[in-house]
Amino acid sequence: MTKKFSLQNFFNLKNTFIFVAFSVAWKIFISSIALHSDEAYYWLWSKHLALSYYDHAPMVAYFIKLTTLFSDSEIAVRFSSIIATVILSILLWKLVIKLFNSEVMASAAVVILHCMPILFTASILITPDTPVFLFLSIATYYVWKLIDTENQNYWYFIGLFFGLSMLSKYTACLFIMSLGIYILLTKKWAWFKSYQMYIAVIISFICFLPVIIWNYQHDWASFSYQIGHGLSNKGIRFNYIFEYLGTQALVFNIILFFPILYIGTKYLFSKDKKDIFLAAFSVPVILFYVVTALKRLPGGNWPIPAYFTFSIIAAKWFITSSSSNTEFPVKQKLVIGAIIFNLFASILVGLHVKYTIIPIYKFSNRQAVADATNYFYGYKDLAEVLLADGYNYVLTPEHQLSASIAYYTKNRIKSLRYNNNSKKTQFEIWGIPKDLSSYGKGAFVYEPPEDGHIPTNIQSVFKLSENFKTQETVRNKNIARSYRIREIIN
């Protein structure tokens, strides 16, 4: 007689521990891949610690600084991202146990969260999303502690971790929207009479104060940039809404995203405070970017903190889809299939990044060149060529390229950026010395456009050699990128 599938036999503490351990081992395994250019940029921040930076709040630089005290290897740069996923797993488990006292549901929530491609594989990348996801999740956890116990002292923890999340990424401010929606839907007006809440506001302000001071010192440059960055396009673009929602389906789970978004939206109108809590801290954040997508396509990573409670909604829908845990109805088959699909896709992408196992060139040379994972390749080789040719400094038109050269030469080559035709970056805050001749031999490094011309008007400021060297990045039997190196004549 065939034994029926039992959720308790699969979703339990032991198997969850094994799964999280496997997830961590997988992250460590693939974390030796070359740094993405954005990661190199944040690494460079950690070598110039400041109250804040032009592009983002400073927490990502502080995280990198802590994990690179003894090594600047790729895994050291990224190690806080791996630690963060472990903390998130423990936190999520504890929250579900407090909400529903169900080990099966807690296990399912952790597995669903971990299986998100952006968490299972892409979370090795160290970006501002790492600390903001961590601190907002902790703040959300303490919101439930406040709701459940009515102990107003939990406001202090909410204030602290919300403040730290704002010190990580400005989009953390959407937490206030979620909290406000919960108060409105549950009529928690008594909270406004709590002096602890106002102390929490002060704690958050103190945490965020370094960013305010930095912006005051730099004419509010970062705030102005982020406002323009989020809503910079002219006109209304309805197609961005569909692109954004499609991207979120890929980020969370292409099978589950829309059903869970529908369930979560219904939860907002529930009479159950648990359902309202889960929905308030996920659905409004996801839908907020639907509105902003009318003006600009949101980044796929922007709503990632919403998936902390969103995964609990998915787990609840999954586990409570039948009256008996020995049954295995269609909904549960769907979720198991979705988990397996996410795992397969995440592992496939990770192996492709590390070993280039997908022969994209056989299907389309254009797609092989456009493969986003190409940006983990080529920087180390370029850095070695520049070192071998004896360059002491380089100018590039792109901040990511300058940062990658700095990382892979370990700052043995002074990396600067010159581009007066595009947006500012932290390189413009650092500036270019008036006299570069003291640095020694320099080069201008750039990717030539199709017309072959030199980008920017650098030749009006610096004299470049007519001769150039070409350094190509070949992957999938295609030239993914080509760099030109021109010596700067002092």
Side-chain angles (χ1 to χ4, degrees), residues 52 57-59 62 84 87-101 106 109 128-213 264 267-268 270-285 288 303-313:
S52 192
M59 188 64 75
Y62 303 160
I87 297 173
L88 283 169
S89 302
I90 297 170
L91 198 67
L92 184 61
W93 178 280
K94 292 182 65 176
L95 179 58
V96 178
I97 292 296
K98 289 182 180 299
L99 281 165
F100 302 109
N101 194 29
D129 295 298
T130 299
V132 76
F133 192 9
L134 175 63
F135 292 131
L136 278 182
S137 297
I138 299 173
T140 302
Y141 172 82
Y142 279 110
V143 170
W144 178 252
K145 294 276 284 184
L146 170 65
I147 296 167
D148 190 39
T149 66
E150 293 292 344
N151 184 344
Q152 300 299 311
N153 290 329
Y154 282 119
W155 276 115
Y156 303 143
F157 294 99
I158 296 169
L160 172 63
F161 289 106
F162 171 64
L164 293 175
S165 70
M166 285 295 296
L167 200 61
S168 304
K169 194 173 182 180
Y170 300 150
T171 53
C173 65
L174 294 179
F175 178 84
I176 298 174
M177 176 187 70
S178 293
L179 188 60
I181 288 172
Y182 180 83
I183 292 173
L184 179 65
L185 293 175
T186 59
K187 298 179 173 57
K188 287 283 187 180
W189 312 123
W191 283 358
F192 291 105
K193 299 178 182 179
S194 168
Y195 72 86
Q196 290 95 330
M197 186 183 78
Y198 299 102
I199 294 176
V201 172
I202 296 171
I203 293 171
S204 296
F205 178 79
I206 292 172
C207 290
F208 190 58
L209 194 57
V211 176
I212 297 174
I213 293 172
Y267 277 9
L268 287 173
S270 170
K271 294 182 180 180
D272 188 326
K273 68 177 182 180
K274 296 178 181 178
D275 291 347
I276 297 172
F277 164 74
L278 294 175
F281 286 89
S282 56
V283 174
V285 175
F288 172 83
I304 187 172
Y307 292 112
F308 184 69
T309 55
F310 198 74
S311 64
I312 303 177
I313 298 174

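These figures come from a predicted structure and were not determined experimentally. Worth knowing before you read on, the calculation uses all heavy atoms, side chains too, and leaves out hydrogens, waters and symmetry mates. In what follows, residues are counted from 1 in the order of the sequence shown.
- By the 4.5 Å heavy-atom criterion applied to side chains, Tyr170 and Phe208 are counted as neighbours.
- Of the inter-residue distances, the one linking Leu91 atom CG with Ser137 atom OG reads 6.5 Å to the nearest 0.5 angstrom.
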*asked:* side chain to side chain contact (heavy atoms under 4.5 Å, CB included) for Phe133 and Ile138? Distances and angles first, verdict last.
replied: CA-CA 9 Å; Phe133 192 9; Ile138 299 173; over 6 Å; no

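- Of all heavy-atom pairs between Ala279 and Pro284, the closest is O-CD, 3.0 Å.
- Heavy atoms only, all atoms of each residue included: Ser165 and Val132 are closest at O-CG2, 3.8 Å.
- Nearest heavy-atom pair across Asp275 and Ser270 is OD2-OG, 3.5 Å.
- Closest of all the heavy-atom pairs between Ile304 and Asp129 is CG2-OD1, 4.0 Å.
- For Val211 against Pro58, the heavy-atom pair with the smallest separation is CG2-CD, 3.7 Å.
- Atom NZ of Lys274 and atom NZ of Lys98 lie 12.0 Å apart (nearest 0.5 Å).
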*Given side chain to side chain contact (heavy atoms under 4.5 Å, CB included), test Leu179 with Phe162 step by step and report yes or no.*
CA-CA 11 Å; Leu179 188 60; Phe162 171 64; over 6 Å; no

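- No side-chain heavy atom of Thr130 sits under 4.5 Å from any side-chain heavy atom of Leu134.
- Between Gln196 and Trp191, every side-chain heavy-atom pair lies at or beyond the 4.5 Å cut-off.
- Distance check, rounded to the nearest 0.5 Å: CD1 of Ile203 to CZ of Phe161 gives 11.0 Å.
- In this structure the side chain of Phe288 never reaches within 4.5 angstrom of the side chain of Val285, judged on heavy atoms.
- Judged purely by atom type and a 3.5 angstrom limit, Ser204 uses its side chain to pair as donor or acceptor with the backbone of Gly159.
- In this structure the side chain of Asn151 never reaches within 4.5 angstrom of the side chain of Lys145, judged on heavy atoms.
- For the atom pair OH (Tyr156) and CD1 (Ile199), the distance works out to 4.0 Å, reported to the nearest 0.5 Å.
- Annotation: the span from Ile87 atom CD1 to Leu92 atom CG amounts to 13.5 Å, rounded to 0.5 Å.
- Using cut-offs of 30° and 60° on the angle between ring planes, the pair Trp144 and Phe277 is tilted.
- At least one side-chain heavy atom of Phe175 sits under 4.5 Å from a side-chain heavy atom of Thr140.
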Donor-acceptor pairs under 3.5 Å, side chain of residues 306-313 to any protein atom, not counting sequence neighbours: which ones?
from, atom 1, to, atom 2, distance (Å)
Tyr307, OH, Gln248, OE1, 2.7
Thr309, OG1, Leu278, O, 3.1
Thr309, OG1, Phe281, O, 3.4
Ser311, OG, Tyr307, O, 3.2
Ser311, OG, Phe308, O, 2.9

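- Annotation for Ser52 and Ala57: closest pair OG-CA, 3.7 Å, computed over non-hydrogen atoms.
- The side-chain heavy atoms of Ser194 and Trp155, taken from C-beta on, include a pair separated by under 4.5 Å.
- At least one side-chain heavy atom of Ile183 sits under 4.5 Å from a side-chain heavy atom of Phe192.
- Here the straight-line distance linking atom OG of Ser89 with atom NZ of Lys94 works out to 13.5 Å at 0.5 Å rounding.
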